[in-house]
Amino acid sequence: MLYQQGYFRQYLNADGWQQERNPENDFYTLPITLEHTPEGKPLTITVDLPGRSLYAQIWRVKVGRIPLYLLDTNIPLNAPEDQDITDQLYGGDRELRIKQEILLGIGGYRALKALGISPSVYHMNEGHSAFLALERCRDLMGAYKLSFAEAREASTPGLVFTTHTPVPAGNDFFAPELMERYFSNYYRDLGLNPKEFHGLGRQDPNNDQEVYCMTVLALRMAGNSNGVAKLHGTVSRKMWQNVWPGLPSNEIPIISITNGVHAPSWISRDMAGLYDRYLGPKWREDPGEYALWSRVHHIPDEELWRTHERRRERLVAFARARLRSQLESRGGPPSEVDQAAEVLNSQALTIGFARRFATYKRSTLILRDAERLLKILGAKDRPVQIIFAGKAHPHDDPGKELIRQIVHFERNPGARRRMVFLEDYDMVVARYMLQGVDIWLNTPRRPLEASGTSGMKATLNGAINLSILDGWWDEAYTVQTGWAIGRGEEYTDSTKQDEIESNALYDLLEKEIVPLYYTRGADDLPRQWIAKMKSAMRAIGPEFNTNRMVREYTERMYLPALDRESELKSNAFARAKQLAVWKQRVREHWPEIKILEITVDNHKTLKVGESVTIRAKIDLGRLKAEDVSVELFYGSLNAGGEIENPKVALMKPGEKAKGSVFEFAGVNKLVMSGRMGHTVRILPKHEDLDNPHKLGLVLWAK
Ligand SMILES: *Cc1c(COP(=O)(O)O)cnc(C)c1O
């Protein structure tokens, strides 16, 4: 959406409390163009709101070679209230939010269609756009005379979903009444009854009270879903386990694709020059090549350090100028304004902390022990300084309080020249900071940081990460790439956690980071520090970039989606229709399945290498043996008698059935010593079922 006011601009009052300004964008001075019909009128799309239509016009931005289309409701065709729907990113209440998401998901789909674009794969980034999945079905139903179930089978492969939020409350949801008001006509058009429709957005479709969650809708409708770092994938699988009851969390169908950054957009010109010279120009186009990054070691220490120092000097000059204008516009006394010219030291070890001021990010963790911090900052020959920046969400008072605490701490005589809060964090401030600091600090409460990307940008510029093992850092950290605060522990007592982790942070600063930085040879170069900068660049550069990320999305999500979709659509949707019928039949008869008996052929103590055959007598009711896969689920038992790191082996049906009772057999060949356990479970099976776990049908032996 093209927000008339974008995101807010931040400034602080004299007390350090965040104030927000919402200046209007003038679209006619931005590098964007309005899309027109062949007759030269602005191209508009409509979506239905209760009792009226909402219209939007479409703007185009060219991002490199890629057109980006933005929707805008601020046109006279709309009622005055509706003109404001695209005013602000985070304005208003749930009702405005649902209108925005209807516009984004349904309107976005229609806008692409109006522009003559017919994508093969739709990638829903976070749940906000998930109504698009419904509109895709509606469109296919109308065009090809399909039922909702058939259209769903045909469209699912082409829907890809990325979840970003590891906090349940951070996911978008709407009350049932609100959904009813906005969707009762729409879902009747889809041929759905209320229970079926609301069930799509509920973890438990039978719970009439449950809110409609956009993430659940997206997870149910998409053919492939992912989290944005390895750890975040694990967290998401646990968090959404209830959407697929009965599955162990490692089988929940959400994979991980770790975020990356676009190197040329974030590297300083100075550092890019060094890369061009020593890595060769290919780092811009193909940063995924390991051999290329191994040449980081060809950059002479001296040259790398001088380049880095130049960027630090620039950052200090930028921070002083910013601080000066902040103080002037706050109406600070001239004496204070003049002092801005003297804050920070362009030679000192510089820590950067800039991010959204959400409370889980714990921006003030480093302030926890004031005395200890002041000692670190004020050491005579080894000064340390910190630059902060970041916006709190306009409704997040606890987040704003953290900013206030930082500003107050800065007034401490021992911190005055060593700590600065820069207002109005944006990409310009981010670039200066990432490109000039020595240490990039991140202190989230694990596991709430989905990925984080600023640390990747920092590494490319030679800063070293000092972070909790959360998000991307959990997989990127090694002793060669930076510093870890803690070892990935998770706590239930957050006060205790803050105490332990802030102490770990001070320890690292005092015992490792400050000494390493200030250990200089006769040439005044911190050789070991530089070695660490280089090994971090070499390890992180080829992995955590957008080329690798996009390749992964392409290979693991988009291309399989394309293949599957064309199969299901071929022959006038024949296979999609068959699959829909088959699913309906399996759902209906699933409760008839009974596991009658499990027997083990050989019950004595076995040696490693020997095998044991396990047989299960199963009544399939009206289902056929080829409708199910019967699995042997086995592994060594832990002290609690539970199977650890289970393995799965297919059990084969015997030749003869007695009525609907089949015997399935599977072999467990022992590869380890110790106490072993097994159980049997049944999952649905069909050649066009891409993932048997997704149907939500699984029966375990009791
Ligand atoms: C990179 C970036 C972010 C995201 O960084 P995190 O590591 O997720 O905090 C946020 N804001 C700006 C301006 C950025 O450049």
Side-chain angles (χ1 to χ4, degrees), residues 6-10 18 63 89-90 125-126 162-167 170 227-232 235 257-268 271 311 315 318-319 322 351-366 386-394 396 399 402-403 406 421-437 439-461 463-477 481-485 536 540 543-546 549:
Y7 195 33
F8 75 92
R9 306 292 302 269
Q10 176 198 52
Q18 173 175 298
V63 184
L89 173 55
Y90 292 129
N125 196 33
E126 194 62 308
T162 301
T163 178
H164 289 258
T165 318
V167 193
V228 292
K230 290 201 172 90
L231 176 64
H232 180 236
V235 170
I257 295 181
T258 305
N259 281 344
V261 295
H262 183 244
S265 295
W266 293 102
I267 292 185
S268 69
M271 197 59 81
R311 293 308 313 187
L315 167 61
F318 173 78
R322 271 279 174 132
I351 300 173
F353 183 100
R355 50 200 73 255
R356 290 181 300 115
F357 269 55
T359 46
Y360 80 85
K361 295 199 184 231
R362 293 191 294 181
S363 324
T364 55
L365 189 73
I366 197 171
I386 314 177
I387 304 178
F388 288 94
K391 295 175 175 179
H393 186 288
D396 181 12
L402 298 180
I403 297 176
I406 289 170
F421 184 93
L422 299 180
E423 290 174 4
D424 205 28
Y425 182 48
D426 63 3
M427 286 168 64
V428 174
V429 177
R431 280 203 184 88
Y432 271 102
M433 290 182 64
L434 295 158
Q435 295 171 357
V437 299
I439 288 284
W440 192 250
L441 177 67
N442 194 14
T443 50
R445 210 180 278 294
R446 179 179 155 128
L448 300 184
E449 179 91 307
S451 166
T453 51
S454 54
M456 307 172 189
K457 305 169 191 169
T459 304
L460 294 174
N461 285 291
I464 305 180
N465 281 277
L466 164 59
S467 170
I468 300 282
L469 290 179
D470 196 9
W472 79 288
W473 192 235
D474 186 59
E475 66 198 84
Y477 164 76
T481 54
W483 285 281
I485 306 167
I540 289 167
E543 269 302 310
F544 297 91
N545 57 68
T546 38
M549 178 183 79

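Counting starts at 1 for both ligands and their atoms, in listed order.
Considering CD1 of I351 and CD1 of I464, their distance stands at 12.0 Å, rounded to 0.5 Å. Between H232 atom NE2 and E475 atom CD the span is 12.0 Å, to the nearest 0.5 Å.
Numbered from 1 in the order shown, with element, the atoms of ligand 1 that lie under 4.0 Å from a heavy atom of R355 read 7 (O), 9 (O). When each atom of ligand 1 is checked for a heavy atom of A430 under 4.0 Å away, the hits are 13 (C), 15 (O). For ligand 1 and W266, the ligand atoms under 4.0 Å from any heavy atom of the residue are 15 (O). Set against the non-hydrogen atoms of G452, the atoms of ligand 1 under 4.0 Å away are 7 (O), 8 (O). For ligand 1, the atoms closer than 4.0 angstrom to any heavy atom of D426 are 13 (C).
A donor-acceptor pair shorter than 3.5 Å cannot be found between the side chains of N465 and T481. There is a side-chain donor-acceptor pair under 3.5 Å between H164 and N125.
Closest to atom 11 (N) of ligand 1, if we only count protein heavy atoms, is Y425 CE2, 3.5 Å.
The residue from P444, S454, A450, S451 that puts a heavy atom closest to atom 7 (O) of ligand 1 is S454.
Looking at ligand 1, you'll find an N or O of T453 within less than 3.5 Å of one of its N or O atoms. At least one N or O atom of K457 sits closer than 3.5 Å to an N or O atom of ligand 1.
Side chain of N461 to backbone of A463: no donor-acceptor contact under 3.5 angstrom is found. Between the side chain of R446 and the backbone N or O of L469 there is at least one donor-acceptor pair closer than 3.5 Å.
Taking 4.0 Å as the cut-off between side-chain N and carboxylate O, R322 and E423 do not count as a salt-bridged pair.
Residue contact annotation: K361 has a non-hydrogen atom under 4.0 Å from ligand 1.
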